[in-house]
Student: 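Quick one: this structure, given as structure tokens, is what I'll be asking you about.
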Number of protein chains: 2
Amino acid sequence: MADITAEYLTCPIRNVISRFGDKWSMLVLYSLHTSETGILRFNELRRHMTDCSQKMLSQTLKNLEQSHLVHRKVYPEVPPRVEYSLTDTGKSLMPTVMALIAWGKEHFNEVVTDGGY
Amino acid sequence: MADITAEYLTCPIRNVISRFGDKWSMLVLYSLHTSETGILRFNELRRHMTDCSQKMLSQTLKNLEQSHLVHRKVYPEVPPRVEYSLTDTGKSLMPTVMALIAWGKEHFNEVVTDGGY
DNA sequence: TAATTCGGTAACTTTTGGGTACTTTTGTAA
DNA sequence: TTACAAAAGTACCCAAAAGTTACCGAATTA
């Protein structure tokens, strides 16, 4: 996730990939996008993605925050409360992400058939 | 890339991600899509993606072939000749991929600023 | 008196990614 | 005749990333 090659600094594809092309980022974006209020707390996200460990979720959120796609709001309470939501940049990405998901649904069979697993 | 969880078998996001959410797949798809004939040989692809090693390119192409996004045509010659092109499924994905790239170009600055690297 | 909640982190193991060198067969150049 | 180049990869090894498990600290809940 840390590429310093000249290619990476100027290529939009490489840039996009390095920001949310990992295993969990899109699921976070999707969860926030489709939630009622657009806001989810850490453990709410966990319940949306039960196969993602705490560590990976926290790492993913940190990346998304650094990429300015997700906003992190901390309430200094006990027990702690942290609310995650999409930034405007994050929101601007969602139509494309939803298109990608729609493609995935439509072409699920063509792509799954005998390939992996 | 080999996920057997129930989530992965039914979730289109996870499915999409596992097919071409890696570092090089989208660059291959893009290269094929934007090439004049829609056909590229192995070493032509290499020259399009100079920061991708032979091994990773060959691995990426194998994945894309198994996912039925890329077609591989071998000519039994010496030296060997192998031509890669998009399948119909692969072609159907390109509008979305190009939209993603367009987003990347437009929001490059917002996303790069101080985040990664 | 536990147990649970919440949002993580530290330490550790496993899996994946990535680089370098090498292969094979033929044609070409020295 | 020897040597090299081309093509499309593979084998081997190490580094990096992903993933697992245990744990934290204060406050409510049972």
Side-chain angles (χ1 to χ4, degrees), chain A residues 1-5 7-8 14 17-28 31-32 39-67 70-85 116-117, chain B residues 1-8 13-14 17-28 31-32 39-67 70-85 116-117:
Chain A
M1 206 60 84
D3 291 284
I4 337 172
T5 65
E7 321 258 6
Y8 257 84
R14 290 172 174 79
I17 287 289
S18 74
R19 298 299 160 174
F20 55 90
D22 62 289
K23 195 168 171 181
W24 303 113
S25 290
M26 261 180 61
L27 287 160
V28 169
S31 296
L32 290 173
I39 296 172
L40 289 174
R41 299 177 61 178
F42 188 84
N43 278 340
E44 288 179 310
L45 278 166
R46 283 219 64 196
R47 285 188 281 276
H48 279 244
M49 306 154 55
T50 52
D51 54 341
C52 178
S53 70
Q54 272 184 316
K55 182 201 158 189
M56 290 316 297
L57 180 56
S58 130
Q59 210 171 89
T60 302
L61 287 166
K62 206 176 286 176
N63 279 336
L64 290 173
E65 195 196 352
Q66 285 185 335
S67 298
V70 161
H71 178 68
R72 182 171 186 272
K73 185 169 186 185
V74 185
Y75 296 84
E77 304 173 357
V78 173
R81 180 154 65 105
V82 181
E83 289 181 349
Y84 292 95
S85 56
Y117 310 134
Chain B
M1 207 61 87
D3 292 283
I4 337 172
T5 64
E7 319 257 6
Y8 258 85
I13 306 182
R14 288 172 173 81
I17 287 290
S18 75
R19 297 300 160 174
F20 55 90
D22 62 289
K23 196 169 172 183
W24 304 113
S25 290
M26 261 179 61
L27 287 159
V28 169
S31 295
L32 290 174
I39 296 173
L40 289 175
R41 298 176 63 180
F42 188 84
N43 278 340
E44 288 179 312
L45 279 165
R46 283 217 65 195
R47 285 188 281 275
H48 280 245
M49 306 155 55
T50 52
D51 53 342
C52 178
S53 70
Q54 271 184 315
K55 182 201 158 190
M56 290 316 296
L57 180 55
S58 129
Q59 208 171 89
T60 301
L61 287 166
K62 206 175 287 176
N63 279 336
L64 290 173
E65 195 196 350
Q66 285 186 336
S67 297
V70 161
H71 178 69
R72 182 172 187 272
K73 185 168 186 186
V74 185
Y75 295 84
E77 304 173 357
V78 172
R81 181 154 64 107
V82 181
E83 289 183 347
Y84 293 95
S85 56
Y117 309 134

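Here is the naming used below: chain letters follow the sequence lines, and residue numbers restart at 1 for every chain. Note: hydrogens, waters and symmetry copies are ignored here, and every other heavy atom, side chains too, is used.
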Student: If you assign Val78(A) and Gln59(A) each to the DNA chain D nucleotide with the nearest heavy atom, which residue ends up on the more 5' nucleotide?
Tutor: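 Nearest nucleotide further toward 5': that of Gln59(A).
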Student: Reckon Ser53(B) has a side-chain N or O less than 4.0 Å from the OP1 or OP2 of dT20(C)?
Tutor: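 The answer is no; no side-chain N or O of Ser53(B) sits under 4.0 Å from OP1 or OP2.
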Student: Tell me the interatomic distance from Leu40(B), atom CG, to dG9(D), atom C1', rounded to whole angstroms.
Tutor: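 Taking CG of Leu40(B) and C1' of dG9(D), I get 17 Å after rounding.
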Student: Can I get a per-line list of side-chain donor-acceptor pairs under 3.5 Å for residues 52-61 of chain B, giving both atom names and the distance, sequence neighbours left out?
Tutor:
unit_1: Ser53(B); atom_1: OG; unit_2: Met56(B); atom_2: N; d: 3.3
unit_1: Thr60(B); atom_1: OG1; unit_2: Met56(B); atom_2: O; d: 2.6

Student: A cation-pi test, strictly: NZ or CZ of Arg81(B) under 6.0 Å from the centre of the six-membered ring of Tyr75(B) and no more than 45 degrees from its axis. Yes or no?
Tutor: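 Yes, a cation-pi geometry.
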Student: Nearest whole angstrom, please: distance from the C1' of dC6(C) to the CG of Leu61(A).
Tutor: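 So the two atoms are 14 Å apart, to the nearest Å.
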Student: Toward the 5' end of DNA chain D, which comes first, Lys55(A) or Pro79(A), by nearest nucleotide?
Tutor: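 Between the two, 5'-proximity favours Lys55(A).
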Student: Heavy atoms, side chains only, cut-off 4.5 Å: are Lys73(B) and Val82(B) in contact?
Tutor: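 With C-beta onward as the side chain, the pair stays apart.
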Student: If only side-chain N and O atoms of Trp24(A) are considered, is one of them under 4.0 Å from the OP1 or OP2 phosphate oxygen of dG19(D)?
Tutor: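 Checking Trp24(A) against dG19(D): at least one side-chain N or O falls below 4.0 Å of OP1 or OP2.
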Student: Rounded off to whole Å, could you give me the OH-to-P distance for the Tyr75(A) and dG8(C) pair?
Tutor: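 Rounded to whole Å, this separation is 14 Å.
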Student: Measure the distance from CG on Asp51(A) to C1' on dA18(D) and round it to the nearest whole Å.
Tutor: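 Distance, rounded to whole Å: 13 Å.
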Student: Measuring to OP1 and OP2 of dT9(C), would you say a side-chain N or O of Lys62(A) lies under 4.0 angstrom away?
Tutor: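 It does, given that an N or O in the side chain of Lys62(A) lies less than 4.0 Å from OP1 or OP2 of dT9(C).
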Student: Is a side-chain donor or acceptor of Glu65(A) paired with a backbone partner of Lys62(A) at a separation under 3.5 angstrom?
Tutor: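 Between the backbone of Lys62(A) and the side chain of Glu65(A) there is no qualifying donor-acceptor contact (under 3.5 Å).
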Student: Rounded to whole Å, please give me the gap between CG in Leu57(B) and C1' in dG18(C).
Tutor: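 One finds 13 Å between C1' of dG18(C) and CG of Leu57(B), rounded.
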Student: Round to a whole Å and report the spacing from CD of Gln54(A) to P of dA11(C).
Tutor: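 About 17 Å, once rounded to whole Å.
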Student: Is there side-chain contact between Asn43(A) and Arg46(A), with heavy atoms separated by less than 4.5 Å?
Tutor: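 Yes; the side chains approach each other to less than 4.5 Å.
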Student: Tell me whether the side-chain N/O atoms of Lys23(B) come closer than 4.0 Å to OP1 or OP2 in dG18(C).
Tutor: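 For Lys23(B), the contact criterion (side-chain N or O under 4.0 Å from OP1 or OP2 of dG18(C)) is met.
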Student: By nearest nucleotide on DNA chain C, pick out whichever of Arg47(A) and Cys52(B) is the more 5' one.
Tutor: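 In this pair, the answer is Arg47(A).
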Student: Scan Tyr84(A) against the nucleic acid and name what it touches under 4.0 Å (heavy atoms): base, sugar-phosphate only, or nothing.
Tutor: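 If one applies the 4.0 Å heavy-atom cut-off, Tyr84(A) turns out to touch the sugar-phosphate alone, with no base involved.
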Student: Specify the separation, in whole Å, of atom CE of Met56(B) and atom P of dG18(C).
Tutor: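 Result: 4 Å.
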Student: Rounded to whole Å, please give me the gap between CD1 in Ile39(A) and P in dG7(C).
Tutor: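 Value for this atom pair: 13 Å.
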Student: Using a cut-off of strictly less than 4.0 Å, decide whether Arg41(B) has a side-chain nitrogen or oxygen near OP1 or OP2 of dA7(D).
Tutor: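 Arg41(B) to dA7(D) OP1/OP2: no side-chain N or O under 4.0 Å.
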